[in-house]
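Reviewing the structure listed below.
As the structure lists them, so they are numbered: ligands from 1, and atoms in each ligand from 1. Excluded from the calculations below are hydrogen atoms, water molecules and symmetry mates; all remaining heavy atoms, backbone and side chain alike, are included.
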Amino acid sequence: MSWIREGELTIIERFCANIIKAGPMPQHVAFIMDGNRRYAQKCHVERQQGHSQGFDKLAQTLRWCLNLGIREVTVYAFSIENFKRSKEEVDGLMDLARQKFSRLLEEQCFLNVCFAYTSRHEISNAVREMAWGVEQGLLEPSDVSESLLDKCLYTNNSPDPDLLIRTSGEVRLSDFLLWQTSHSCLVFQSVLWPEYSFWNLCEAILRFQMNYSALQKARDSYLEERRQQEMERDQAYVTMKLQQEGFVSHGDSRRRQTLLQKCTAMREERIQGFLQALKHKRADFLERLCPVSA
Ligand code: FPP
Ligand code: MG
C-alpha cells in the first residue's frame, strides 16, 4: 500500500477541496518546512522528535496535495547552512533522511527533495556549467542567456513553482529557489511545520487564487520580454554578419531572413549539444559519487 496514498480526506475536507478546485489551482507547490525545533520545545519533546513529526507532516501534506490535484511538490529538506548545526542534530537529520528516503523513492515521483541545497550555490553552479560549455567550444558566449540558465538548474525538468509556502512565521526565502520563484505567490504562515493542517494549505491556495491574475500577468510579460530580448540578440548578430559581408545599413532583406533562420537553427543545435554533454557530465559525477555496484 502506498504510504502517501494511505488516508482519505474527511467529508468536510472533501467538500472544501471541491470548492477550492473550482478556482485556478497551483500545479507546483514548494514548501519551506520550518519550525520543527520550536515545536519540539513547545511540546517538551526531543529535538529529533520534532524533526520526525515534521517528516510525518510532510507525508500527510503530500496526501492533501494529491487529493487537491497538485501535480508536483518541492520541499527544502536540508540546506547547506544546516550543516552548521550541532553534530548530534545533523547526524539525527541524516539518519532520518536515510530511513525515509528509500520510502520516498518508492512513491510516484511528484516530490522533489532539496537536500544539502542552496539556491545561490545552484545558480553559481549553473553559471559555471555555461562557462565550461563556452570553454569546451560547445557554446558561443552569446548563447548564454536567462533561458539557458533555466536549463542548467537542477530543477530544469520542472515548471517553476506557482506557490511557495513557508511556515513558522519567518518571512524570508533562506536561499531556496530564488531564481525559480520570481513569479510565484509567496505565502508566509505562522503555524509551526509539525502543526500544519489541511486548512492552512487551503488558506495558502486561496491566497494564490486571489493573486492569480496579477501573477499570470507578471509571468506572461516577463516571458514576452525575454523572447523579445533573444530576438534582438539574433538580429544584432545578423547585422554584424551582414556588415562583415559588406552590406551597408540593414542589407538585403531576403539575405537577412536567411541568415536569421540559420543563426537561430545553429544556436539551437549548439544548445542541444551542450545540454546533452552536460547531462553526461552530471551522470558521470553522480556515478563517481555513488557507484552502482556491478
Ligand atoms: C526546519 O525546522 C526543518 C528542517 C531544517 C528540517 C526539515 C526536515 C524535515 C521536515 C523532515 C525530514 C525530511 C526528509 C525528506 C528526510 P527547524 O529545525 O529550523 O526548526 P526551528 O525553525 O524551530 O528552529
Ligand atoms: Mg528554522
Ring center gap for Phe78 and Phe83 short of 6.0 angstrom: yes
- prompt: Quick one: do the Gln189 and Thr167 side chains pair a donor with an acceptor below 3.5 Å?
  reply: no
Side-chain ion pair, Asp150 and Arg226, N-O less than 4.0 Å: yes
message: Strictly below 4.0 Å, N to O, side chains only: are Arg227 and Glu230 in salt-bridge contact?
response: no
Contact check, side chains of His28 and Asn112, non-hydrogen atoms, under 4.5 Å: yes
Distance dump, ligand 1 polar atoms to protein, N/O, under 3.5 Å:
{"unit_1": "ligand 1", "atom_1": "2 (O)", "unit_2": "Asp34", "atom_2": "OD1", "d": "3.4"}
{"unit_1": "ligand 1", "atom_1": "2 (O)", "unit_2": "Gly35", "atom_2": "N", "d": "3.3"}
{"unit_1": "ligand 1", "atom_1": "2 (O)", "unit_2": "Asn36", "atom_2": "N", "d": "3.2"}
{"unit_1": "ligand 1", "atom_1": "18 (O)", "unit_2": "Arg37", "atom_2": "NE", "d": "3.4"}
{"unit_1": "ligand 1", "atom_1": "18 (O)", "unit_2": "Arg85", "atom_2": "NH1", "d": "2.7"}
{"unit_1": "ligand 1", "atom_1": "19 (O)", "unit_2": "Asp34", "atom_2": "OD1", "d": "3.0"}
{"unit_1": "ligand 1", "atom_1": "19 (O)", "unit_2": "Arg85", "atom_2": "NH2", "d": "2.8"}
{"unit_1": "ligand 1", "atom_1": "20 (O)", "unit_2": "Asn36", "atom_2": "N", "d": "3.2"}
{"unit_1": "ligand 1", "atom_1": "20 (O)", "unit_2": "Arg37", "atom_2": "N", "d": "3.0"}
{"unit_1": "ligand 1", "atom_1": "22 (O)", "unit_2": "Asp34", "atom_2": "OD1", "d": "2.7"}
{"unit_1": "ligand 1", "atom_1": "22 (O)", "unit_2": "Gly35", "atom_2": "N", "d": "3.4"}
{"unit_1": "ligand 1", "atom_1": "22 (O)", "unit_2": "Arg38", "atom_2": "NH2", "d": "2.8"}
{"unit_1": "ligand 1", "atom_1": "23 (O)", "unit_2": "Arg37", "atom_2": "N", "d": "3.3"}
{"unit_1": "ligand 1", "atom_1": "23 (O)", "unit_2": "Arg38", "atom_2": "N", "d": "2.8"}
{"unit_1": "ligand 1", "atom_1": "23 (O)", "unit_2": "Arg38", "atom_2": "NE", "d": "2.9"}
{"unit_1": "ligand 1", "atom_1": "24 (O)", "unit_2": "Arg37", "atom_2": "NE", "d": "2.8"}
{"unit_1": "ligand 1", "atom_1": "24 (O)", "unit_2": "Arg37", "atom_2": "NH2", "d": "3.2"}

field: side-chain contact (heavy atoms from CB on, under 4.5 Å) partner of Cys185, chosen from Leu163, Ile165, Asp162
entry: Leu163
- prompt: Should the pair Arg166-Glu170 be classified as a salt bridge under the 4.0 Å nitrogen-to-oxygen rule?
  reply: no
- request: Look at the side-chain heavy atoms of Ile, Leu, Val, Met, Phe, Trp and Tyr, link any pair under 4.5 Å apart, and say whether Leu242 and Leu260 land in one connected group.
  value: yes
task: Just the protein N/O/S atoms under 2.8 Å from the Mg ion (ligand 2), please, no waters.
output: Asp34 OD1
message: Are the side chains of Trp193 and Thr61 in contact, using a 4.5 Å heavy-atom criterion?
response: yes
